[in-house]
**Student:** 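Take this structure, written in structure tokens, and hold onto it; I'll ask about it next.
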Amino acid sequence: MNIGDRVRVKESVVVYHHPENRNQPFDLKGTEGEISAIVTQWQGRPVSANLPILVQFSKKFKAHLRENELEVI
């Protein structure tokens, strides 16, 4: 997976920070977005992030996910 790839969430992932469902559970399964970053460094230091892939789903909504939760379209 690379930055700019279109991806779809293939597993059930529940988030509580979706802008249209604030503080309510929202399942991302089947939602499509674009990879905007792959987190490997923070302030110049290498990190081993638990959720390294940042996906932009809409203008107001991004989420960090694992590689096994996504499939490239």
**Student:** Is Val14 reachable from Phe26 through a run of I, L, V, M, F, W or Y residues, each pair having side-chain heavy atoms under 4.5 Å apart?
**Tutor:**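 No, Phe26 does not connect to Val14 through the hydrophobic network.
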**Student:** Could you tell me if the side chain of Ile53 sits less than 4.5 Å from the side chain of Met1, heavy atoms only?
**Tutor:**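 Counting from C-beta outward, Met1 and Ile53 do come under 4.5 Å.
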**Student:** Got a sec, which pairs hit salt bridge (charged side-chain N to carboxylate O under 4.0 Å, His left out) with one end in residues 5-18, sequence neighbours left out?
**Tutor:**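 Salt bridge (charged side-chain N to carboxylate O under 4.0 Å, His left out) check on residues 5-18 returns Arg6-Glu32, Arg8-Glu32, Arg8-Glu71.
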**Student:** Could you measure the distance from the CD1 atom of Ile3 to the CD1 atom of Ile38? Nearest 0.5 Å is fine.
**Tutor:**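 The CD1 atom of Ile38 is 5.5 Å from CD1 of Ile3, to the nearest 0.5 Å.
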**Student:** Any link between Val13 and Ile73 through a network of hydrophobic side chains (Ile, Leu, Val, Met, Phe, Trp, Tyr) touching at under 4.5 Å?
**Tutor:**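 Shared cluster, no.
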**Student:** Compare all side-chain heavy atoms of Val7 with those of Val55 and state whether any distance is below 4.5 angstrom.
**Tutor:**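 In contact.
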**Student:** Is the CD atom of Glu34 crowded by more than 12 outside heavy atoms at less than 6.0 Å?
**Tutor:**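 Yes, because the 6.0 Å sphere around CD of Glu34 holds more than 12 heavy atoms from other groups.
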**Student:** May I have the list of side-chain donor-acceptor pairs in residues 59-66 shorter than 3.5 Å, sequence neighbours left out?
**Tutor:**
unit_1	atom_1	unit_2	atom_2	d
His64	ND1	Leu51	O	3.4
Arg66	NH1	Glu69	OE2	3.4

**Student:** What residues form a side chain to side chain donor-acceptor pair (under 3.5 Å) with Ser12, not counting sequence neighbours?
**Tutor:**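 With sequence neighbours excluded, Ser12 shows a side chain to side chain donor-acceptor pair (under 3.5 Å) to Asp27, given in chain and number order.
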**Student:** Taking C-beta and beyond as the side chain, do Asn23 and Tyr16 meet within less than 4.5 Å on heavy atoms?
**Tutor:**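 No, side chains not in contact.
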